[in-house]
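Shown next, in structure tokens, is the structure this report addresses.
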Amino acid sequence: MLVLALDRATAQAAEALEASEIPTLLLKGPVTARWLYADGSTRPYSDVDLLVAPRDYSPAEETLRALGFRRMGLDTLPVNREGYAITLRRPNDGLAIDLHHSFVGIEADDEAMWSVFAADAEPIVVADTELRMPSE
């Protein structure tokens, strides 16, 4: 049931970001399942991971806040932390989105990484909604 709820939240978030003209790539979860489980078997996951261009990071957070998502954990501290993502959780149902602008271990500039990932993006359908994901 959690995976279905996450898929619906993923579709809702991606549609809201698209409506705000913020291109988004889905990471992990259904993407990993597609890459690793060609037989179509279900892979459990506990959150949603979305990648946006660094220039869209703040507007993307505001869009997700409008859907009820809030910063959680260390992301709520009023300090300037270097990071690659923030966790946003919806208090009413506990569903979480990790909003990424980069990844741990990526040494390329965040904009350059986004450009490469976005240029080769492929479609993926989640909860009857077509999203984009990085190519293998």
Side-chain angles (χ1 to χ4, degrees):
M1 290 300 215
L2 175 61
V3 169
L4 294 175
L6 284 167
D7 285 351
R8 284 191 302 274
T10 301
Q12 179 187 29
E15 287 174 338
L17 290 163
E18 180 71 27
S20 296
E21 299 182 2
I22 300 172
T24 307
L25 295 177
L26 178 61
L27 308 171
K28 299 181 359 183
V31 174
T32 303
R34 180 168 162 180
W35 289 345
L36 299 180
Y37 302 97
D39 63 358
S41 63
T42 303
R43 178 189 180 272
Y45 42 94
S46 59
D47 65 3
V48 173
D49 290 83
L50 299 175
L51 176 69
V52 297
R55 66 184 170 274
D56 292 329
Y57 200 57
S58 290
E61 180 180 359
E62 289 306 311
T63 299
L64 295 175
R65 286 182 60 78
L67 296 176
F69 289 91
R70 301 291 180 259
R71 285 184 183 232
M72 301 298 295
L74 294 176
D75 294 314
T76 62
L77 296 177
V79 296
N80 185 11
R81 291 189 323 125
E82 290 290 326
Y84 58 91
I86 56 171
T87 298
L88 303 162
R89 187 174 302 276
R90 243 179 3 203
N92 65 329
D93 58 16
L95 296 179
I97 292 179
D98 289 339
L99 182 62
H100 289 258
H101 63 84
S102 186
F103 299 107
V104 170
I106 299 288
E107 295 181 15
D109 170 84
D110 292 352
E111 284 289 344
M113 185 200 76
W114 167 259
S115 294
V116 170
F117 277 42
D120 290 334
E122 300 176 351
I124 183 170
V125 176
V126 175
D128 297 323
T129 302
E130 186 172 296
L131 310 175
R132 295 180 334 135
M133 64 179 225
S135 67
E136 287 185 62

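Sequential numbering from 1 along the given sequence is applied to the chain's residues. Both backbone and side-chain heavy atoms feed into the values below; hydrogens, waters and symmetry mates do not. As the structure is a computational prediction, the values presented were derived from the model and not from experiment.
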Shortest non-hydrogen contact from [X] to [Y]?
X      : Y      : value
Leu27  : Pro134 : CD2-CG, 3.7 Å
Arg71  : Leu88  : N-CD2, 3.5 Å
Glu122 : Ser135 : OE2-CB, 3.3 Å
Trp114 : Pro23  : CH2-O, 3.6 Å
Leu99  : Glu61  : CD2-N, 3.7 Å
Asp49  : His100 : OD2-NE2, 2.9 Å

- prompt: Would you call Val48 and Leu95 a side-chain contact if the rule is heavy atoms closer than 4.5 Å?
  reply: no

- request: Hey, can you tell me if His101 and Tyr57 have their rings parallel, tilted or perpendicular (30° and 60° cut-offs)?
  value: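 It falls in the perpendicular class, over 60°.
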
field: CA sep, side-chain torsions, deciding dist, call: Leu25, Leu50, side-chain contact (heavy atoms from CB on, under 4.5 Å)
entry: CA-CA 6 Å; Leu25 295 177; Leu50 299 175; over 6 Å; no

field: Interatomic spacing from CG in Asp110 to OH in Tyr84 - rounded to 0.5 Å
entry: 12.5 Å

- prompt: Atom CZ in Arg70, atom OG1 in Thr87: separation rounded to 0.5 Å?
  reply: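 Output value for this atom pair is 15.0 Å.
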
Just list the side-chain donor-acceptor pairs under 3.5 Å for residues 3-17, sequence neighbours left out, or say none.
residue, atom, partner, partner atom, Å
Asp7, OD1, Tyr45, OH, 2.3
Asp7, OD2, Tyr45, OH, 3.4
Thr10, OG1, Leu6, O, 2.7
Gln12, OE1, Arg90, NH1, 3.0
Glu15, OE2, Thr129, OG1, 3.4

query: Within a radius of less than 6.0 Å around CG of Asn92, do more than 12 heavy atoms belonging to other residues, nucleotides or ligands occur?
result: yes

